[in-house]
Amino acid sequence: MTDMDTETAFPLIISVDDHTVEPPTVWQDRLPKKYLDTGPRTVRAPLKEMTFLGGRFKPVMGRPGDDGPLGDWWVYEDLHRPLTRLDTAVGYSRDEIKLEVITYEQMRPGSYDVPARLADMDVNHVQSALCFPTFPRFCGQTFTEAKDRELGLLCVQAYNDWMVEEWCGPAAQGRLIPLTLIPLWDAELAAAEVRRNAARGVRAVAFSEIPPHLGLPSVHTDDWDPFLAACDETGTVVAMHIGSSSRMPSTSADAPPAVGSTITFANCCFSMVDWLMSGKFERFPNLKIMYAEGQIGWIPYILERADVVWEENRGWGGVADKVRRPPSELFAGHVYGCFFDDAFGLRNLDAIGVGNVLYETDYPHSDSTWPKSREVGEAQMGHLDADVVERIVRGNAIELLGLTPDGRWGGTR
């Protein structure tokens, strides 16, 4: 094989980590009438104050008539969560991207509108995209934290119906790949929701990178086994996004966001070691997990260290009876790292595995490489053989997510 050497050689991208900003009517169109006043809905209101320090995002909504910039807010039970420029930053220069509230009119339409999204994908050399949520947060923990669990389950199901039937519906032409949510508070209900969506062709479900941060059991317990069994049986990939534990890595309560932004991979690092030392991959041999926006450059050392610990310390380390193979072998068969900008990781691809790496664009977030994801990929993958680039940019995603040979989601089949 020869190295990629022409502009036309770069394959169409399948992004495994983009985001949707939910339209205001997602839940109002689907919830029973008795829940319309407590279920998720949007209001326009001023911002009273907003901070993002120590990995914690704390917005406070003002009252009508108060001073402060106006923004669109999601209101759900007692929760008030604004749309921010960080939710949808594409189209703005880096210096213009600030922590500020915005309205739907102030965001790029591709954030929430399917035809506009497809047009922006065309601009960015992207064929297909898997999209994580915004208001529910990255694994639906918004509904887990709510008081009314009956309403929470209906909200999860309503989101999934919208995701499959509208966001990834006929207008998307198979180019948008569904990612669904589960009721995190009940593993049996979660298993049922996985199977309900798998029956209509869904092959990916969002989960928390570190569930104990959400007050949930760790993956070292048996509590998640019904959910994991459903994923194992249906070929549903467990997709974990940075921040899906509602806590971004930081060093102190007053650390500026730049500290957390530099070390966002840390949650994925901690999570991956959890999974490798949990014994779950041996109990559920078809289980696959992926880390969205976690990058890949950190993976080789963690695998090296995990293998040393397994080899030398497994007796007293509490894993001898459940982890029967070196963690690096388990990684090779079960774990996928996702990146959008990681030249170092690509220079060390042999230590990670060509088959364990996926590409992403992170549209429409502030870290997104849109509209230059192709150029970034060409610059960082130029030293790789064309068949390797093909696997990273689309082939691995096609196989993992059960897409059609031409890289589209086929729905129920």
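- In plain terms, the two heavy atoms of Arg391 and Gly355 that are nearest each other are NH2-CA, 3.3 Å.
- Taking the six-membered ring for Trp, Phe207 and Trp224 have ring centres closer than 6.0 Å.
- When the shell of 6.0 Å around NZ of Lys98 is examined, it contains 12 or fewer heavy atoms from other residues, nucleotides or ligands.
- In this model, no donor atom of one side chain and acceptor atom of the other lie less than 3.5 Å apart for Asp95 and Ser93.
- Using a 4.0 Å cut-off between charged side-chain N and carboxylate O, Asp78 and Lys147 make a salt bridge.
- Aromatic ring orientation, Trp27 versus Trp74: perpendicular (interplanar angle above 60°, classes split at 30° and 60°).
- At a threshold of 4.0 Å, the pair Lys372-Asp341 does not count as salt-bridged, since none of the basic side-chain nitrogens sits closer than that to a carboxylate oxygen.
- Look at Glu166 and Arg30 and you find a salt bridge, because one of the NZ, NE, NH1 or NH2 atoms lies within 4.0 Å of a carboxylate O, short of that distance.
- Ser328 and Asp307 are linked by a side-chain donor-acceptor pair at a separation below 3.5 angstrom, with hydrogens and angles left out of the test.
- Between Arg149 and Asp186, no side-chain nitrogen of the basic residue sits less than 4.0 Å from a carboxylate oxygen of the acidic one, so the salt-bridge criterion is not met.
- His241 and Phe138 have tilted rings, their planes meeting at an angle from 30° to 60° on a 0 to 90° scale.
- Ring pair Tyr359/Phe340: centre-to-centre distance not below 6.0 Å.
- Between the side chains of Ser373 and Thr361, no donor N or O sits under 3.5 Å from an acceptor N or O.
- Taking the charged nitrogens against the carboxylate oxygens, Arg196 and Asp161 do have a contact shorter than 4.0 Å, which makes a salt bridge.
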Taking it one step at a time, do Arg137 and Thr142 satisfy side chain to side chain donor-acceptor pair (under 3.5 Å)? CA-CA 6 Å; Arg137 309 217 298 284; Thr142 293; 3.0 Å; yes
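- Judged purely by atom type and a 3.5 angstrom limit, Arg408 has no side-chain atom pairing as donor or acceptor with the backbone of Ser128.
- The six-membered or imidazole ring of Tyr291 lies away from that of Phe265, with a centre-to-centre distance of 6.0 Å or more.
- Shown here are the side-chain hydrogen bond (donor to acceptor under 3.5 Å, both in side chains) partners of Thr234, two or more places apart in sequence or in another chain: Thr236.
- Tyr336 pairs by the ring pair (Phe, Tyr, Trp, His ring centres under 6.0 Å) definition with nothing, not counting sequence neighbours.
- When each of Asp406, Asp120, Asp18, Asp122 is checked for a salt bridge (charged side-chain N to carboxylate O under 4.0 Å, His left out) with Arg175, only Asp122 meets the rule.
- Under a 4.0 Å N-O distance rule, the pair Arg195/Glu233 qualifies as a salt bridge.
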Decide side chain to side chain contact (heavy atoms under 4.5 Å, CB included) for Asp148 and Tyr35; before the verdict, give the C-alpha distance in whole Å, the side-chain angles of both, and the deciding distance to 0.1 Å. CA-CA 10 Å; Asp148 189 332; Tyr35 286 124; 3.6 Å; yes
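- Around atom CD of Glu399, no more than 12 heavy atoms belonging to other residues, nucleotides or ligands sit under 6.0 Å away.
- The 12-atom threshold is not exceeded at CG of Asp350, counting heavy atoms of other residues, nucleotides or ligands nearer than 6.0 Å.
- Under the 4.0 Å criterion applied to side-chain N and carboxylate O atoms, Glu96 and Arg85 are not assigned as salt-bridge partners.
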